[in-house]
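A short worksheet on the structure shown next.
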Amino acid sequence: MDPTNREPDEYGHGRAADDAARRRQSRDPLTPDFGLQTPQRSRTARLITGDFLLTVNPVDGSEIELRPPGERPAAPVRRTAAERAERERATAPPAPPGPPGPLLPLLERQEERERLVRLLARGRSVRLTGPAGSGRTALLNAVAADCADLAPDGVVRLSGLRRTAVELMYELFEAVHRSPLHRPGREELEALVRGIGAVVVVDDLELGGAALEELLDVTPECAFLLGATPDVAAPTADSNVEEVFLAGLGRGSSLELLEHVVERPLTDEEANWAGDLWFESEGLPLRFVQAGALLRQRDRLRTDPEAFDGYDDGDPDDRPFGRPVPADVPLPSLGEGAAPAALLGSRMSEAARDTLRFAVALGGEVPHQAHLPALVGDTHADAALGELFVCGLLSPAGPRYRLAAGVLAQLEAGGYAEEADTFARNAAQHYAWWAGHPSVSPERAAAEADAVLASLAPLVPADHAGAASAAVLLARSAAPAFAAGMRWGAWEKALRAGLEAARIAGEVAEEAYFHHELGVLALCTGNLDRARAELEASVGMRGALADKPGAVAGRRALALVADRSGGLAAPSGRTPAGEEVPGARHEESLSPSGVPGTPVAGPVFARPAEEPPTLIAPRIPPAPAKATTPPARLGVLGSARRNLVAVGAGALLAAVLGTVVTLGATSDNEDPEGQNVTTEQSAGEDDSERGLSADEPEDASSSKDATSRSGASSPGPSDSASPSDSGSPSPSASEPGSSPSTDDPTSEGPGTPSTSGEPSSTGKPTKSPTTTPTTTPTGPTEPTPPETTEPTPSDPPSEPESSNSASGPAESATASAPDDAPAPDETSGTTLA
């Protein structure tokens, strides 16, 4: 025998078995993804809603586009009587497993039953109002059976629990018409619902007032039988809805009902106890059904004291200690009879008690019997549903069951809510796995929407660790199934709960997904403002996360929002459809004065065509053809809208400067002969310490910015202070405020500043066309003879000019001229446009 292998190895059988077990199987056919789990194909669904084609994608988010011409859905088809009956059986609550309970009669309801049938036969809508536990559901079922042949579309049963008027319209449409994967728009829905003629029975209605009036207006051919509690808002006065009130049973009928539940006559002691209970409960039938369950448990305890201790199976004679002695079990107290839920639960099986704990954790919603074995951990836990139903602790609510009226509060007082957080998290994890499983159809998931949403509710506040992440996982798995299953009301609730949970948990990617889905849903329902806000939030988050497919899907949805809203931008200044804002042009980034780095005051907007353009700088004569400066760029400031405040400030500065120049010109006679007074800052004796002389101009940065912004030009300086002499570049047509050269090419261009302050041949003063600020030395200066300077390569050649002689009135007229005044031509003396 091999010491490392102690199995027998005769004839090689043991060794061959070990080799076969140790032999490594081929990885290619079993693990084509190199050891990782093979990703399952995402379960997508294509729906047509209104004018849109919606593709529900659980991975990256739903995609929405305009419906192609070839995707037009077929017209809805009315269901036949057989199809309606089949659908009613499928949507009815399942029969609970286990032995059926006793058949209970409808006592003291014959008068109300006949009245309701008469009103419905005349086409009137009726609201049956009664307190919870008054037998309202049983009466509705009986009336619905009597009205089966009154309307062409038969009887339609709906549940109004947590339903809006729009949701009831869609459920009514689905009950009468067959239209797979098609959800009509609101207008189309109203047109289809108007043609339905049926008796609509709505139990647990929560609508009233204007909402109920809206439902009745769009269904004129339907007669509604509405069941509601007194706390629901009453219909409006002009709704023509009849009111029928349902009261409790009398004492004799209550005792008769109790005997039917117990299935035997009552003793005198039990009759007296039932009389006190009738006075306490005001004759509500539900209380006597639960009291009958207490009496049945008492009978069983009297015959078998260990009946609820786990020895129910087998013959009592086969037990270790033989048959127990019958015990005298007293009647429950009046308080236990009025609130029997805790006492009834204590005498049930462990699976039934766990089911009650799950129901308390879910706010009264009872999971489907198919989920109970997985939730409770017992393969026979589905039988607990029948045990609870027979005891009167459950009541039907649409296609499922929920805790009966008042049972939730009684169980919470009995200690069933101590571990509600743990049970709610377990239910959420189970439903998250179940809703995302490929074998679960969207219709099945939509049928369990109320229980799934009830699992989300206690997790969203995130009072304990891991609750928010569990809620995100559940909402992420269930929301696409609700969307594909046409339960859009549940879809929206799941998305909002998941969004809040993702925000608490800090899961930005999931938060972006929920924003995207809410935006798509709002777009489908016509709420464009909400759709734009949700989609923009999603696109921003996915852009930060580098989620390119998700961002592309969001931008496509935003494009549809912009198309539906007329292509207008959002009120907050955002561009439609998420388009990028074009970058500012180079010309727009320059200041009006041409000084680089100075921002433009205020945004630039296009001026309407009927308004004249606002000029920031005076019109400049066209540049000469012989200029060697680079080609001028087209300015955009001529047609740009300027801030009114900046324009007013410029005009005020121009007026002030003109006044100063005028005062200086008029005081020319008081100065020594041959000396000129200018408006520029003089270079004093102290300026020599800074390297400035009276004949050398200062830097352009020391000039006044107001002169450059207002566009006013100072009188021409002497030849020694010209830009050409100082070596500074001459302004060209590329500066902002210049205009394209289209006039006489022989005239002076903007690159040649005028240095002559004398009047032209026409007797008019010459105005400098430059828009850049220039500085001239002021103070008493001697006139210099004209001299010719060498033009720089970047400047046009300048002509020799005469000495700078000031003419007071001429300078005042030139300095105080408005910005938009035409500049005179030096050669011809005519005004250039």
Side-chain angles (χ1 to χ4, degrees), residues 91-93 106 108-109 111-120 122-147 155-172 175 193 198-219 222-249 281-287 363-365 394-409 450 489:
T91 56
L106 192 62
E108 290 188 5
R109 304 305 187 196
E111 182 180 354
E112 291 84 355
R113 180 176 180 177
E114 294 176 355
R115 182 185 176 188
L116 292 175
V117 173
R118 289 196 304 267
L119 292 174
L120 294 174
R122 294 200 297 262
R124 301 293 299 273
S125 295
V126 190
R127 173 173 138 154
L128 181 64
T129 304
S134 60
R136 188 182 60 249
T137 302
L139 180 57
L140 292 178
N141 294 335
V143 174
D146 296 339
C147 300
V155 177
V156 178
R157 299 172 185 266
L158 303 176
S159 176
L161 187 64
R162 303 187 184 96
R163 300 291 194 275
T164 63
V166 178
E167 289 178 324
L168 290 177
M169 292 180 197
Y170 276 105
E171 291 185 7
L172 177 60
V193 170
V199 176
V200 184
V201 181
V202 183
D203 197 7
D204 299 323
L205 182 70
E206 295 183 354
L207 296 177
L212 180 58
E213 184 68 21
E214 179 186 3
L215 176 62
L216 297 177
D217 287 343
V218 298
T219 55
C222 294
F224 282 85
L225 178 58
L226 310 172
T229 55
D231 56 344
V232 178
T236 58
D238 54 349
S239 60
N240 296 325
V241 176
E242 295 286 342
E243 283 277 358
V244 177
F245 295 94
L246 199 63
L249 300 177
S281 63
E282 299 180 356
L284 295 179
L286 178 62
R287 296 292 179 262
E365 294 290 339
L394 303 181
S395 61
R400 66 195 188 282
Y401 292 96
R402 58 179 288 108
L403 293 180
V407 175
L408 178 60
D450 294 288

Can you measure from [atom1] ([X]) to [atom2] ([Y]) and round to the nearest 0.5 angstrom?
{"X": "Leu205", "Y": "Leu168", "atom1": "CG", "atom2": "CG", "result": "7.0 Å"}
{"X": "Cys222", "Y": "Leu216", "atom1": "SG", "atom2": "CG", "result": "9.5 Å"}
{"X": "Ser125", "Y": "Leu212", "atom1": "OG", "atom2": "CG", "result": "8.5 Å"}
{"X": "Glu214", "Y": "Thr236", "atom1": "CD", "atom2": "OG1", "result": "12.0 Å"}
{"X": "Thr164", "Y": "Tyr170", "atom1": "OG1", "atom2": "OH", "result": "10.0 Å"}
{"X": "Asp203", "Y": "Thr137", "atom1": "CG", "atom2": "OG1", "result": "4.0 Å"}

Is there a side-chain contact between [X] and [Y] (heavy atoms, below 4.5 Å)?
{"X": "Val155", "Y": "Val201", "answer": "yes"}
{"X": "Arg115", "Y": "Val244", "answer": "yes"}
{"X": "Val117", "Y": "Leu120", "answer": "no"}
{"X": "Val200", "Y": "Leu158", "answer": "yes"}
{"X": "Glu213", "Y": "Pro235", "answer": "no"}
{"X": "Leu116", "Y": "Leu139", "answer": "yes"}
{"X": "Arg400", "Y": "Glu365", "answer": "yes"}
{"X": "Leu128", "Y": "Glu243", "answer": "no"}

Practice task
Go through the steps to decide whether Leu172 and Thr219 satisfy the test side-chain contact (heavy atoms from CB on, under 4.5 Å), and finish with yes or no.
Solution key: CA-CA 10 Å; Leu172 177 60; Thr219 55; 3.9 Å; yes

Exercise for the section: Look at Glu171 together with Arg157 and state whether they make a salt bridge at an N to O cut-off of under 4.0 Å. Expected result: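 A salt bridge is absent here (no side-chain N lies under 4.0 Å from a carboxylate O).
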
Practice task
Might you work through the salt bridge (charged side-chain N to carboxylate O under 4.0 Å, His left out) test for Arg118 and Asp146, ending with a clear yes or no?
Solution key: CA-CA 10 Å; Arg118 289 196 304 267; Asp146 296 339; over 6 Å; no

Practice task
Using side-chain hydrogen bond (donor to acceptor under 3.5 Å, both in side chains) as the criterion, point out the one residue from Asn141, Asp204, Thr129 that pairs with Arg136.
Solution key: Asp204

Practice task
Spell out, as yes or no, whether a donor-acceptor pair under 3.5 Å connects the side chain of Glu114 to the backbone of Glu111.
Solution key: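 Checking the backbone N and O of Glu111 against the side chain of Glu114, no donor-acceptor pair under 3.5 Å is found.
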
Handout entry: Exam field: side chain Glu206 to backbone Leu161, donor-acceptor pair closer than 3.5 Å
Key = no

